[in-house]
Amino acid sequence: MKKLAIFACTLALVAVATSSKPKTVKRTVVYASTVECKNCEKKVMENISFEKGVKDVSVDLSDRSVKIVFDEAKTDTTTLAKAIRKLGYGAKVVKFE
Amino acid sequence: MKKILFYILAMGLWALRPSGAEAQTPSGTPAVQMPDTVGIYGERKDTLEQTVFTSRGNGNFLSKGKDIRTEVITAAGLCKMACCNLAESFENSASVTVGYSDAVTGARQIRLLGQNGIYTQMLDENRPVMRGLASPFGLNYVPGQWLESIQIAKGVTSVINGVESMTGQINMEHRKPTDEKPLYVQASVMDDSKTDLNIVSSLQFDEDGKWSTVVLGHIDGNFKSMDHNGDGFMDDPRQLMMTLSNRWLYFDPSGMQLRFGWRAIRDHRMGGQMPAENDPGHVSWSEAFPNLWNSQIFNQSLGGYLKAGFPLNEANTSNVALVADYTYYSMESDFTTRTFNSGQHSAFVNLLYQNQDVEQHHFTLGLSGMLDVFKDEYGYSTLLTGGPGTPSTWYCYAGLAPVTSQVENDSRLGDVGAFGEYTFHSADETTFSSILGLRGDWFSGAGFRFSPRLTLKWAPSESWVFRANGGRGLRYSLPLLDNFGILSTGKKIEGYFMDHTLEDAWTFGGNATWYIGGSSTTYFSVDYFRTQFREQMILDYDVTPGVIVLSSLSQLPDAHSYTNNLQADFSTEPFEGLTLTLTGRWTDARQTRISQTASDDVKPMTSRYKGVLNVQYATHLNKWIFDFTASINGPCKVWDYMKGYDGMYADGYTPAFPLLYAQVTKRFKGVDFYVGGENLTNYRQPSPILHADTPFSEGFDASCVWGPLMGIKIYAGIRVTIWKTE
């Protein structure tokens, strides 16, 4: 019972920690990249998702592109391109809105 | 030990070295992105190949594309729970039921289609593994964090890897040499002191990515003794297990592939009655505490394999492949009143020719051989006349030396076979497919056997898939290993317990899956399978009190042994991030036994049903993941002699019991933290050890386990992934 209570408290703390988010200014950038396989997609998703300011990431293997929605106050297209290149893939801005 | 740790650490540090010029193709993409398992066997639709899972949040799902009904547990699924080892990876699955072989050794066993896991073929990337001596503890020796995915195929599968799969096949895909993860570390600890550490390093060596390797290291231990139910016996054995593996891949642009590797395992476990003093020093427990019942098991294994595939034309539509595997395994086990020591040399060779020159028509021809050489020593004490209720001190203080006997048995079990498999696919490759497999084997001591197998799949639309499957399975029985729990009893073992009967079964079944609205994530599936044995080793606890008898099905008059299995699965993702899976399984297992009454042929210790509800919610980009699993495990018939024990089992059945699991994972870049709980209802099987107070009597029995031995367990862990970068 004691263990169950500790476990419930942990869950409650986790729930509290996830609440309240500040407002952000979202921008979208699409990079032409060299991603070409599911492993590449996984690698990009697992890394770029956790870059500062990134709100959404998607990889399109059919046209080998990476689309990122980000908070302009926290990051920029150059930083994100650098992060993609660090993973071993090309990153050239083809669309920015 | 220190050297092993040093080696793993050195490999990790080497992987983390600054790398200016990583392998690049002219296009700028890393050259290591290449097909992995394809090329040895080609793109077979019914064999179980590596899949890369990226965006799917759900950890378990039914494969839409496989010709045979296949449940996939992804890497995400393996992270839903503690999943310290393979046995603990099936808690989300209703197809597979996992239990303990007994209440003292910690050996786990699975059931698929209502039958013991020995009838399920275990594959390591399409190589048969976990056979013979490796089977009782094999599930404990596969660290969950070494795996990339698990595929559970129901029914009879391809004839290419032999015909030992009677109820299905479980294939494990390990982390790959081509993974761009030079270092992966996972560590977890449970509140009962069970600790796990995994280190995996995948390295790609040359610029064109031809050579790559993965080193997999694991240590786990249980350092503290617990006796929550106060029966004087440890709930879980103290143990220390280490395993190390190294796998290599050579991939030539011509399509030629070479894979080889080795693996070593060392495990020492001690269970049984808890001594007052915890550390006996350098002497064994049986020497240090002669008046206590305990079990000590020492397992060691060393094995290696080679897989080579050679294309015969530029398009690789025609190729040959060789698969060779050798493993040595030794087990030294002492159960106080009996011992079982054994060594096994196990070899497997497969030579294949595959042709896909004509579209829609593929065929595979091959030759294979398997040899297992066992050297068994079974020792037992015959001074077990105390009977239930005899004081436990009787044996030790009666001043009588036990009369011990030993049975030695050297056996060679082999088969050589030839097989052919023809696959037809409709022009679109999805609407219809059929696989006909024919195999002839010569079994040492049993002669020639012919095994046909047929698989059909029809997908008339995006929303519907129908499958049918049937065929024959054959395997040698290994009575003491197949029923390892019987060594943890005070009962005398009689009958064919040292014989190796060739067990023979036919399995037929089918599956219909409705993908609602054509979605691949929302589906309802129903499947039915029946396994009918023509020959089987039959275990019977009820022939004579204090005796376990092993007999052969074919020698019993008007005998039968079968199971009917019906399962329904529903899975949906009502909105992004939330996945719900609901599964139910019903089993009717019947078996003739010497002791059975005419009207009651229900197979004992086989659960009638299981239901599983799994809910997973992942926040956007999977930064938080919440997992919850609830299962209800149905009753099973008990052996007659158990009825009324300690006021239980009055109706001859165990009670149904629930299990709850929950886990929260917080993910950062390259680091995951998780905390979770197992068996949150704190349900434990009452009195799992019969006559625990008189362990030297014939009534003593730790083998009749049907429920959890441990209560609520809280754990926490960390996973660190370092990706290959420029």
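Below, chain A is the first sequence line, B the second, and so on; all start at residue 1.
- With B:K724 contributing its side chain and A:G88 its backbone, the two residues share no donor-acceptor pair below 3.5 Å.
- When every heavy atom of A:F50 is checked against every heavy atom of B:N622, the shortest pair comes out as CZ-O, 4.5 Å.
- Heavy-atom contacts from other residues, nucleotides or ligands closer than 6.0 Å to NZ of B:K623 number more than 12.
- Applying a 4.5 Å heavy-atom cutoff, none of the residues of residues 75-84 of chain A approach chain B.
- Partners of B:K669 according to the side chain to side chain donor-acceptor pair (under 3.5 Å) rule, which considers only residues two or more places apart in sequence or in another chain, are A:E51.
- The heavy-atom pair separating B:L621 from A:V54 by the smallest distance is CD1-O, 4.2 Å.
- Nearest heavy-atom pair across B:E180 and A:L87 is OE1-O, 4.5 Å.
- The OG1 atom of B:T725 sits 9.0 Å away from the CG atom of A:N47 when rounded to the nearest 0.5 Å.
- At a threshold of 4.0 Å, the pair B:R667-A:E46 counts as salt-bridged, since one of the basic side-chain nitrogens sits closer than that to a carboxylate oxygen.
- Contact of B:K181 with chain A is made through the side chain alone, with heavy-atom distances under 4.5 Å.
- A distance of 14.0 Å separates NZ of A:K86 from CH2 of B:W723, quoted to the nearest 0.5 Å.
- With sequence neighbours excluded, no residue satisfies salt bridge (Lys or Arg N to Asp or Glu O under 4.0 Å) with B:D235.
- Not a single salt bridge (Lys or Arg N to Asp or Glu O under 4.0 Å) links A:R85 to another residue, sequence neighbours left out.
- Within 6.0 Å of atom NZ in B:K64, more than 12 heavy atoms from other residues, nucleotides or ligands are found, so the atom counts as buried in its surroundings.
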